[in-house]
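Heads up: the structure comes next, in structure tokens.
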Amino acid sequence: MSNRRVRVRFAPSPTGPLHMGGVRTALYNYLFAKKHGGDFILRVEDTDQTRLVSSAEQYIIDALNWCGISPDEGQSVGGNFGPYRQSDRKHLYRDYADKLIASGHAYYAFDTAEDLDRVRVMAKKAGTPNWQYNNITRSQMKNSLTLPEAETKARLEAGEPYVIRIKLPRNEEVKFEDLIRGWVSVNTNNMDDKVLFKSDGMPTYHLANIVDDHLMEISHVIRGEEWLPSAPLHILLYQYFGWESTRPQFAHLPLLLKPDGNGKLSKRDGDRLGFPVFPLQWTDPETGNISSGYREQGYFKEAFVNMLAFLGWNPGTEQELFSLNDLIESFSLERVNKAGAKYDHDKTKWFNQQYLRNYSDAQLADLLLPTLEKNQISATPAFVEGVVALIKERAYFVEDIFTEGAYLFSAPSEYDEKTLKKKWNADARAHVENLAELFANLSSFTAEDLENCFKNYLEAKETGFGKVGPGFRLAVTGKGMGPSMFEICALLGKEETLKRMQHSLEKLPA
RNA sequence: GGCCCCUUCGUCUAUCGGUUAGGACGCCAGGUUUUCAUCCUGGAAAGAGGAGUUCGAUUCUCCUAGGGGCUGCCA
């Protein structure tokens, strides 16, 4: 058992886009697999045909690929344990359900959905809020345990719809050791006879999940805490199938919580609180609604992954910046927290800023190209790199470099009103005029030259930086704030700088 | 309501019986900067409450409270 090859699976249901909680579950599975030299499998659990969203499966694959945590096995990449889509495995499950019936651990139930609704409503009226189909109530229902054998047989042969339910024992303690939570135990009296096989011929999650994990030789089931309540049921299934010796170990992850109010982060929270909940942008195929994604918002996948990894896990050191390889090296389930974690968007932005700074100017210039193209701006690579160097430390996103430094690419068409009002006067105008003249005579136009020239001017005029600087900046950039003016002018070059200064004198009030 | 899980600064977290309870984000103040951003320095900020075990509990146990999950022929 301990020598068993590590094989983990991420098993989403393709009912929509994967949200960041799902991505984190996938990430932890991936990290655990890679840490132990094992396999990371993507299994699509599409047993609920009514909730299926056709484009969801591809979205899930795209999202994992973007994050750099592509599966080793799956429908799209192949593998020796396929098919990896449960609807393609449909033929497999019935036999297992039958085995359970044969061994007395499951039974046929003929109660219709309407029957069950009625019973639940009545029970509620009688003061029982959650009626369950269990080892007591099943005696009053229509199933192969209560019906005469001949009638069961007749109904089956007549093609009457039925489901197969697990038959839980009375008053039995089910215990298992969770890798994150330790011993968890539940009494079967508090569990119900879950449906294993639906009337549409599909297995439910519970059956398909156990059968597939077994067949695919899964060694560790790492999934969200929402599955903790049904884990005992799964334990029992392994027991009834006689698969206890190869039963995977369980690890139930803490949930990602909404930053405001209560509850777990859900798909419906997309953009509601001013941040995406999806890794990639998603267009709802029915409504056409678009939900934003981290990728399209300009987040680096490294930052996104790093941030997600830290929501529920930490290395125990003070290091916070981890590449995917660093994460693989450091990850362990023992260091995963038990309590749910609230998502913090500020921290996510901070992570992105950190990664942005780790890129070289040349790399960032490259990344900026599409944005420039979109805005129909052409500039030499050297110039773009110069802009990056000047602006990058005030940027969180690549795109910020453009929005913050737009005035470097094209001369200002408007001038900041506040600065205009406060700093532009006859003196400022005269200073710009004088400086333009001095600059025109410079043979070398480096930041250093400009600074010297500027400072000499200040001395000559016996004035301070504060009297001249703001007007000068306004004239050249149209802004009231920004990086060093000397750096800016040096980057723009003599011709452009002078042109802008002249232009401002014509355009700004006298 | 029932069952299960959880509980350290606002948030993410460190601490595996003895610490001035540490770090990060955010926030505030000061410094650097012509300005803004960056950067630097500093600051405010936490063991839910109550019992017990122990020489000693944030750490172990129990109770209470609070939070979360589940309670479907959904996953």
Side-chain angles (χ1 to χ4, degrees), chain A residues 11-15 45-48 50-51 86 109 111-113 116-117 120 124 127-133 161-165 178 180-182 184-187 189-192 194-206 208-209 223-232 252 254-255 257 259 262-264 307 310-321 334-335 337-351 353 357 391-396 400 404 419 423 454 458 464-474 479-486:
Chain A
S13 175
T15 56
E45 309 222 329
D46 56 349
T47 51
D48 184 357
T50 63
R51 293 203 309 153
Q86 287 184 331
D111 320 274
T112 64
L116 294 171
D117 275 350
R120 288 198 175 100
K124 200 165 198 172
T128 311
N130 69 322
W131 180 88
Q132 296 197 309
Y133 206 117
Y162 64 90
V163 300
I164 297 173
R165 287 180 181 272
D178 187 276
I180 292 169
R181 282 148 216 287
V184 175
S185 99
V186 181
N187 191 292
N189 288 353
N190 295 315
M191 297 164 63
D192 60 342
K194 280 268 179 309
V195 171
L196 300 177
F197 201 85
K198 301 187 267 190
S199 58
D200 67 356
M202 276 293 211
T204 59
Y205 170 87
H206 304 292
N209 190 266
R223 69 214 321 183
E225 192 187 352
E226 70 266 29
W227 293 108
L228 197 52
S230 50
H252 289 92
L255 264 16
L257 274 15
N262 326 303
K264 64 171 172 174
M307 173 280 290
F310 269 69
L311 244 31
W313 170 88
N314 77 85
T317 67
E318 285 179 0
Q319 184 185 345
E320 292 202 89
L321 265 21
E334 292 80 66
R335 294 206 66 87
N337 286 53
K338 296 193 228 286
K342 282 186 178 171
Y343 171 73
D344 181 355
H345 195 51
D346 279 329
K347 190 82 185 226
T348 306
K349 285 195 274 197
W350 176 81
F351 271 114
Q353 184 188 35
R357 286 178 186 175
I391 307 290
K392 80 189 261 196
E393 60 191 27
R394 58 194 69 216
Y396 282 79
D400 288 349
E404 287 283 312
T419 315
K423 304 288 185 185
F454 192 92
L458 291 184
F465 220 134
K467 296 277 186 229
V468 186
F472 175 42
R473 177 182 297 282
L474 185 73
K479 300 282 178 193
M481 57 190 74
S484 154
M485 276 313 293
F486 310 120

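Just so it is clear: chains get the letters A, B, ... in the order the sequence lines come, proteins before strands, and each one is counted from 1. Since the structure is predicted, the reported quantities are computational estimates derived from the model, not experimental observations.
- The main-chain N or O of Val195(A) is found under 3.5 Å from a side-chain atom of Thr204(A) such that the two form a donor-acceptor pair.
- Here Gly312(A) lies in heavy-atom contact (under 4.0 Å) with sugar-phosphate atoms only.
- What separates CG of Asn337(A) from C1' of C5(B) is a distance of 14 Å, to the nearest Å.
- Within 4.0 Å (heavy atoms only), Ser484(A) reaches at least one base atom of the nucleic acid.
- If you measure from atom CG of Leu228(A) to atom P of C5(B), you get 7 Å, rounded to the nearest angstrom.
- Contact annotation: the side chain of Tyr343(A) approaches that of Met307(A) to within less than 4.5 Å [non-hydrogen atoms, C-beta and beyond].
- Rounded to an integer number of Å, the gap from CD1 of Ile180(A) to P of G68(B) is 20 Å.
- Across all strands shown, Arg357(A) has heavy atoms under 4.0 Å from sugar-phosphate atoms exclusively, and none from any base.
- As rounded to whole Å, 15 Å separates atom P of U33(B) from atom CD of Glu393(A).
- The phosphate of C70(B) (OP1 or OP2) has no side-chain N or O of Arg223(A) nearer than 4.0 angstrom.
- Using a 4.0 Å heavy-atom criterion, one finds that Met191(A) contacts no nucleic acid atom at all.
- Taking atom CD on Glu334(A) and atom P on U15(B), their separation rounds to 13 Å, with Å as the unit.
- The aromatic rings of His206(A) and Trp227(A) lie perpendicular to each other, with more than 60° between the two planes, well past the 30° mark.
- In this model, the phosphate group of A14(B) is approached by a side-chain N or O of Asn314(A) to a distance below 4.0 Å at OP1 or OP2.
- Contacts of Pro483(A) with the nucleic acid, taken as non-hydrogen atoms under 4.0 Å apart, include base atoms.
- Protein atom CD1 of Ile391(A) is 13 Å distant from nucleotide atom C1' of U35(B), rounded to whole Å.
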Could you list the protein-to-nucleotides 72-75 of chain B atom pairs, N/O on both sides, closer than 3.5 Å?
residue : atom : partner   : partner atom : Å
C73(B)  : OP2  : Arg165(A) : NH2          : 3.4
C73(B)  : O2   : Ser199(A) : N            : 2.8
C73(B)  : O2   : Ser199(A) : OG           : 2.7
C73(B)  : N3   : Ser199(A) : OG           : 3.0
C73(B)  : N4   : Asp111(A) : O            : 3.0
C74(B)  : OP2  : Lys198(A) : NZ           : 3.0
C74(B)  : O2'  : Asp48(A)  : OD2          : 3.0
C74(B)  : O2'  : Arg51(A)  : NE           : 3.4
C74(B)  : O2'  : Arg51(A)  : NH2          : 3.2
C74(B)  : O2   : Arg51(A)  : NH2          : 3.1
A75(B)  : OP1  : Thr47(A)  : OG1          : 2.9
A75(B)  : OP1  : Lys198(A) : NZ           : 2.9
A75(B)  : OP2  : Tyr205(A) : N            : 3.3
A75(B)  : O3'  : Glu45(A)  : OE1          : 3.3

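- In this structure, the NZ atom of Lys342(A) is 15 Å from the P atom of U7(B), given to the nearest Å.
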Close N/O contacts between protein and nucleotides 18-28 of chain B (under 3.5 Å):
residue : atom : partner   : partner atom : Å
G22(B)  : O2'  : Glu318(A) : OE2          : 3.3
G23(B)  : O4'  : Glu318(A) : OE2          : 3.2
A24(B)  : O4'  : Glu320(A) : OE2          : 3.0
A24(B)  : O2'  : Glu320(A) : OE2          : 2.5
A24(B)  : O2'  : Lys347(A) : NZ           : 2.6
A24(B)  : N3   : Lys347(A) : NZ           : 3.4
C25(B)  : OP1  : Trp350(A) : NE1          : 3.4
C25(B)  : O2'  : Lys347(A) : N            : 3.4

Query raised in the report: What's the verdict on side chain to side chain contact (heavy atoms under 4.5 Å, CB included) for Arg473(A) and Thr419(A), showing C-alpha distance, side-chain angles and the deciding distance?
Result: CA-CA 10 Å; Arg473(A) 177 182 297 282; Thr419(A) 315; over 6 Å; no
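- Summarising the geometry, the separation between CZ on Phe310(A) and C1' on U13(B) is reported as 9 Å, rounded to the nearest angstrom.
- The shortest heavy-atom contact between Glu45(A) and Ala11(A) is OE2-CB, 3.4 Å.
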